[in-house]
Amino acid sequence: MKKDSYLVEKDLIHFRRATKEDNLSQIAELIYNTDPYIYPYWFDNNEDKCIDFFEEAILQEGFLFHYDNLYVAHDITTNEIIGVICAIDKSVNLNYNYEPLREINAQYKKVVDDYIKPILEEVEEYDKDTIYIPNVCINKELRGKRIGTKLLGYFISQMEKAGFNQFALDCLLHNLPAKNLYHGLGFKEMKLFNGFSGDNRQIDVVSFLRKKGYYLPEEFQKWKNI
């Protein structure tokens, strides 16, 4: 995937691939907040413990959330990372050893087996021109300002230019803001399935797929030529 950035109109926000020089604590906090079930369960609702873990793991090659797999919205006026996307495709070398995580306790084992491993297996089944997006998150205080739309719209336009033709993701069925965001960028709902909650509760998850040529708002079309 090509590294790129773009200054969005009058908003002093760069959309680009993450680097190891970024504020990893801010990125880790965003990752923690992408799912209300998995990470709180995994870390016994200890947000600090989770953030500390991801800060280190982001630097480890092959890890699902390695910085090469992360794309961020960077507010250059405050020097803050205010949004993050995790995106992977078959070209990513995911060789991280998850076995030590499985051995820590039952919660870690369950998350790796019921959440992380299925993601990696799903990516293996995709065509080479497909990207899977397991995580999208915007700073809670800045939601509703179209930052998520701009970050994901920018990402799609750049990846289509790089030769990727399909984008897959999923979200909780009741997460209307996320569903509206995805619908607005041309994603189509594909199927409903039972997701992993970490505490054996049933949660309904809907999968989305976006194919190249689906509707993409005009404001993002110009980014393909940058």
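The model shown is predicted, which means the values in this text are computed figures rather than measured ones.
- Looking only at distances, no side-chain donor or acceptor of Asp44 sits under 3.5 Å from a matching main-chain atom of Asn46.
- In plain terms, the two heavy atoms of Val112 and Tyr98 that are nearest each other are CG1-CB, 3.9 Å.
- Using a 4.0 Å cut-off between charged nitrogen and carboxylate oxygen, Asp22 and Arg16 count as a salt-bridge pair.
- In Lys117, the NZ atom is crowded: over 12 heavy atoms of neighbouring residues, nucleotides or ligands sit closer than 6.0 Å.
- More than 12 heavy atoms of other residues, nucleotides or ligands lie within 6.0 Å of CD in Glu47, so this atom counts as buried by the packing criterion.
- From Tyr182, atom OH reaches atom OG of Ser207 across 12.0 Å, with rounding to the nearest 0.5 Å.
- One side chain, Asp170 or Tyr132, offers a donor N or O that lies under 3.5 Å from an acceptor on the other.
- The heavy-atom pair separating Leu169 from Ile133 by the smallest distance is CB-O, 3.4 Å.
- Between the CG atom of Leu30 and the CZ atom of Phe54 there is a distance of 11.5 Å, given to the nearest 0.5 Å.
- Taking OH from Tyr32 and SG from Cys50, the interatomic distance works out to 6.0 Å, rounded to the nearest 0.5 Å.
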Run Glu61 and Tyr96 through side chain to side chain donor-acceptor pair (under 3.5 Å) and show every step you take.
CA-CA 7 Å; Glu61 292 188 9; Tyr96 183 81; over 6 Å; no
Applying side chain to side chain donor-acceptor pair (under 3.5 Å), run through His14 and Asp75 and close with a yes or a no.
CA-CA 7 Å; His14 274 128; Asp75 186 334; over 6 Å; no
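- Residues Phe15 and Ile147 approach most closely at CZ-O, 4.3 Å, considering heavy atoms.
- Classification of Glu99 and Lys109 as a salt-bridged pair fails, no side-chain N sitting under 4.0 Å from a carboxylate O.
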Would Glu125 and Lys90 satisfy salt bridge (charged side-chain N to carboxylate O under 4.0 Å, His left out), going step by step from the backbone distance to the final call?
CA-CA 9 Å; Glu125 296 178 0; Lys90 294 186 75 168; over 6 Å; no
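- Rounded to the nearest 0.5 Å, atoms NZ (Lys179) and CZ (Phe187) are 14.5 Å apart.
- Aromatic ring pairs are classed by plane angle as parallel below 30°, tilted from 30° to 60° and perpendicular above 60°; the pair Tyr108 and Trp42 is perpendicular.
- Here the CG atom belonging to Leu173 is positioned 10.5 Å from the CD1 atom belonging to Ile203, to the nearest 0.5 angstrom.
- A side-chain donor-acceptor contact under 3.5 Å links Thr34 and Asn135.
- The existence of a salt bridge linking Asp113 and Arg102 is confirmed by a sub-4.0 Å separation between a basic side-chain nitrogen and an acidic carboxylate oxygen.
- Atoms CG and CG, on Leu70 and Leu64 in that order, are 8.5 Å from each other to the nearest 0.5 Å.
- Cys171 approaches Phe208 most closely through the heavy-atom pair SG-CE1, 3.8 Å.
- Put simply, the side chain of Asp35 gets close to the backbone of Tyr37: a donor and an acceptor are under 3.5 Å apart.
- At a cut-off of 3.5 Å, with distance as the only test, no side-chain donor of Gln107 or Tyr41 sits close to an acceptor on the other residue.
- The two residues Leu94 and Phe63 have their closest heavy-atom pair at CD2-O, 4.0 Å.
- Leu24 approaches Thr19 most closely through the heavy-atom pair CD2-O, 4.1 Å.
- Remark: the backbone N or O of Asn69 is not paired with any side-chain donor or acceptor of Arg17 at under 3.5 angstrom.
- Gln26 places no side-chain N or O within 3.5 Å of a backbone atom of Glu80 that could act as its donor or acceptor partner.
- A donor-acceptor pair under 3.5 Å is absent between the side-chain atoms of His74 and the main chain of Ile76, judged by distance alone.
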